[in-house]
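Just below is one structure, and these are the notes that go with it.
The shown structure was predicted, so the numbers you read here are calculated from the model rather than taken from an experiment. All ligand and atom numbering here is 1-based and tracks the order in the structure.
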Amino acid sequence: MKRLVRDTAAAHRIKDLYDGQCQTCGIRLVGANCKPYSQGAHLKPLAEPHNGPDVERNILSLCPNCHVRLDLGAISIGEDWSVIERVAHTEPRTTLPRLLIKKGHGLHPSYAKYQRDWWDSFAQEETGA
Ligand SMILES: [Zn+2]
């Protein structure tokens, strides 16, 4: 799956809201210029065939590792905002038990469900279920 790299106003607002902190592992990367670095990650991807919306309720502030994990389905977000590690290859566990969510984010559970269901469907195909 090809990820569209877009630095939109909505992504900027979310990255600013979290001051560069990753919502799934808590790391805050800071460069030599003292500026935090994070990426705006869409739960329901913008690309085909998903066509997710570029709105704050569909965007997470993530570090590059967690962004890739989300896009590969290595992690998903549960109904209770728990961080689910679908394949526990990472030792020690580097993700938080629960997503960090700040007031005013307006994150919508339907987008987390979309990402979760999408990758669940692949997991079932592989086991022949
Ligand atoms: Zn992270």
* Asked: Can you find a side-chain donor-acceptor pair between Asn58 and His108 that sits under 3.5 Å?
  -> no
* Structure fact -> Between Ala112 and Trp81, the two heavy atoms sitting closest are CB-CZ3, 4.3 Å
* Ring center gap for Tyr114 and His50 short of 6.0 angstrom -> yes
* Which protein N, O or S atoms sit under 2.8 Å from the Zn ion (ligand 1)? -> Cys22 SG, Cys25 SG, Cys63 SG, Cys66 SG
* Asked: Does the distance from a Lys or Arg side-chain N to an Asp or Glu carboxylate O, for Arg13 and Glu56, drop under 4.0 Å?
  -> yes
* Test side-chain hydrogen bond (donor to acceptor under 3.5 Å, both in side chains) applied to Ser76 and Arg69, Arg116, Glu85, Gln115, the passing residue -> Gln115
* Taking only residues two or more places apart in sequence, or in another chain, which ones meet Val30 in a side-chain contact (heavy atoms from CB on, under 4.5 Å)? -> Arg28
